[in-house]
Asks: 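Let me begin by handing over the structure; questions about it come next.
Basis for what follows: all heavy atoms, side chains included, without hydrogens, waters or symmetry-related copies.
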Amino acid sequence: MVESIWFVIALVLLAVVSVALILMIVLRTEEKESGRDTRTQYLTPNYSRTAGFRLTAYPNNELIILQRYWLINESIAALDYTIVPGRFMTLFIAKRGQMRFPDNFYSDAFESVEQYDISGLTVTQSQKAGRRSAVYWARDGFEFLIYSEEPEMNMINGLAYYFVNNTRAEKS
């Protein structure tokens with residue numbers, strides 16, 4: 001009699017643990033699939049403690065106005081810019097292999113994709129007329145991406161040279 005009670009208790013405990021494990025797996029999968037990013041705002045572009053790098057050079061002047069610094073998912077720096085006259089763009093920086101492109105950045109999202117050199121670096125520019133534009137390059141173990149949802153005509157073309165030549169990051 002006592003043995004059967006212990007057997008039933010053991011079965012109930014095993015069932016409870018199994019259900020708890022299944023719930024944890026399901027909830028963890030849903031969390032990964034939700035696509036939610038964690039964004040932490042910074043006062044300076046020094047992400048050394050969390051991401052292991054800092055920006056040593058980045059554009060910021062009276063026409064390319066830096067609005068705020070972010071760190072996305074503790075690995076991707078994002079600098080939000082206002083481009084005079086009233087356009088917006090984000091510069092993303094990550095260690096090589098850790099870049100995650102914006103949700104609207106997929107192969108069919110662009111009408112044209114071309115590659116060219118700027119200061120000895122291969123740059124890939126993707127555009128959809130009147131809509132999103134992106135410029136991607138890699139340097140010194142880092143990946144860089146400038147991205148705009150609604151740029152001014154040829155805005156990204158002109159900014160590509162400036163950003164490629166004036167943006168630097170270093171590991172810390």
Side-chain angles (χ1 to χ4, degrees), residues 32 34-172:
K32 286 181 182 176
S34 72
R36 291 200 170 175
D37 292 327
T38 58
R39 283 183 162 242
T40 306
Q41 190 168 354
Y42 279 66
L43 297 175
T44 64
N46 186 350
Y47 312 101
S48 298
R49 291 182 121 174
T50 309
F53 70 92
R54 67 186 185 91
L55 300 185
T56 57
Y58 49 91
N60 187 18
N61 60 43
E62 63 278 351
L63 297 176
I64 301 169
I65 304 164
L66 182 58
Q67 298 295 319
R68 63 187 71 79
Y69 308 97
W70 298 97
L71 188 62
I72 302 171
N73 296 335
E74 298 184 344
S75 62
I76 303 167
L79 282 65
D80 290 335
Y81 285 91
T82 297
I83 310 298
V84 174
R87 297 295 181 187
F88 303 97
M89 184 182 76
T90 301
L91 168 65
F92 297 96
I93 303 104
K95 289 180 181 175
R96 192 174 301 255
Q98 294 185 356
M99 179 66 77
R100 201 180 107 221
F101 297 98
D103 292 337
N104 294 334
F105 193 98
Y106 50 91
S107 59
D108 296 338
F110 302 100
E111 294 170 348
S112 68
V113 177
E114 62 179 293
Q115 288 189 328
Y116 51 91
D117 282 350
I118 296 177
S119 302
L121 297 173
T122 300
V123 173
T124 303
Q125 183 169 333
S126 307
Q127 285 187 207
K128 182 170 185 168
R131 297 286 299 157
R132 64 188 63 89
S133 292
V135 175
Y136 170 86
W137 71 99
R139 171 190 287 134
D140 300 331
F142 288 91
E143 296 177 83
F144 302 85
L145 175 75
I146 52 177
Y147 183 78
S148 181
E149 278 292 318
E150 294 184 16
E152 191 76 31
M153 183 190 286
N154 294 321
M155 178 181 94
I156 293 292
N157 293 354
L159 292 175
Y161 288 92
Y162 188 67
F163 272 80
V164 169
N165 288 319
N166 294 296
T167 306
R168 300 281 189 282
E170 69 179 23
K171 294 178 183 174
S172 51

Asks: For residues Tyr147 and Phe88, establish whether the separation of their ring centroids is below 6.0 Å.
Replies: no

Asks: Could you tell me whether the side chain of Lys95 and the main chain of Ala51 form a donor-acceptor pair under 3.5 Å?
Replies: yes

Asks: Kindly say whether Leu66 contributes a backbone atom to a donor-acceptor pair with the side chain of Asn60 at under 3.5 angstrom?
Replies: yes

Asks: Between Tyr69 and Thr40, do the side chains contain an N or O donor and an N or O acceptor separated by less than 3.5 Å?
Replies: no

Asks: To the nearest 0.5 Å, what is the distance between CD (Gln98) and CD1 (Ile72)?
Replies: 13.0 Å

Asks: Measure from the side-chain N and O atoms of Arg139 to the backbone N and O of Val164, and report whether any donor-acceptor pair falls under 3.5 Å.
Replies: yes

Asks: What's the separation between atom CG in Leu55 and atom CD in Glu170, rounded to the nearest 0.5 Å?
Replies: 9.5 Å

Asks: Indicate whether the side chain of Gln127 and that of Ser133 have a donor and an acceptor atom separated by less than 3.5 Å.
Replies: no

Asks: Would you find a donor on one side and an acceptor on the other, under 3.5 Å apart, between the side chain of Tyr136 and the backbone of Ser126?
Replies: no

Asks: Should Tyr81 and Gln67 be marked as a side-chain contact (heavy atoms from CB on, under 4.5 Å) after you check the CA-CA gap, both sets of side-chain angles, and the distance that decides it?
Replies: CA-CA 5 Å; Tyr81 285 91; Gln67 298 295 319; 5.9 Å; no

Asks: How long is the span from the CD1 atom in Ile64 to the CD1 atom in Ile83, to the nearest 0.5 Å?
Replies: 5.0 Å

Asks: side-chain hydrogen bond (donor to acceptor under 3.5 Å, both in side chains), that's the test. Do Ser48 and Asn46 meet it? Break it down for me.
Replies: CA-CA 6 Å; Ser48 298; Asn46 186 350; 2.5 Å; yes

Asks: Evaluate side-chain contact (heavy atoms from CB on, under 4.5 Å) for Val135 paired with Leu159, printing each intermediate quantity in order.
Replies: CA-CA 9 Å; Val135 175; Leu159 292 175; over 6 Å; no

Asks: Side chain of Asn61, backbone of Leu63: donor and acceptor closer than 3.5 Å?
Replies: yes

Asks: Can you check ring pair (Phe, Tyr, Trp, His ring centres under 6.0 Å) on Phe144 and Tyr58, steps first, answer last?
Replies: CA-CA 11 Å; Phe144 302 85; Tyr58 49 91; over 10 Å; no

Asks: Scan Asp117, Thr122, Ile146 and name whichever one has a side-chain contact (heavy atoms from CB on, under 4.5 Å) with Trp137.
Replies: Ile146

Asks: What's the separation between atom CG in Leu145 and atom CZ in Phe163, rounded to the nearest 0.5 Å?
Replies: 11.0 Å

Asks: Between Tyr47 and Tyr42, does the ring centre distance come in under 6.0 Å?
Replies: yes

Asks: Do any N or O atoms from the side chain of Glu143 and from the backbone of Gly97 form a donor-acceptor pair under 3.5 angstrom?
Replies: yes

Asks: Where the side chain of Arg100 meets the backbone of Ile76, is there a donor-acceptor pair that is under 3.5 Å apart?
Replies: no

Asks: Is it true that Tyr161 and Asn166 share a donor-acceptor pair across their side chains at a distance under 3.5 Å?
Replies: no

Asks: Determine, for Arg168 against Asp140, whether the closest basic-nitrogen to carboxylate-oxygen distance falls under 4.0 angstrom.
Replies: no

Asks: What's the separation between atom CG in Asp37 and atom CG in Leu71, rounded to the nearest 0.5 Å?
Replies: 11.0 Å

Asks: Show every salt bridge (Lys or Arg N to Asp or Glu O under 4.0 Å) that has at least one partner inside residues 65-90, sequence neighbours left out.
Replies: Arg68-Asp80, Arg87-Glu152

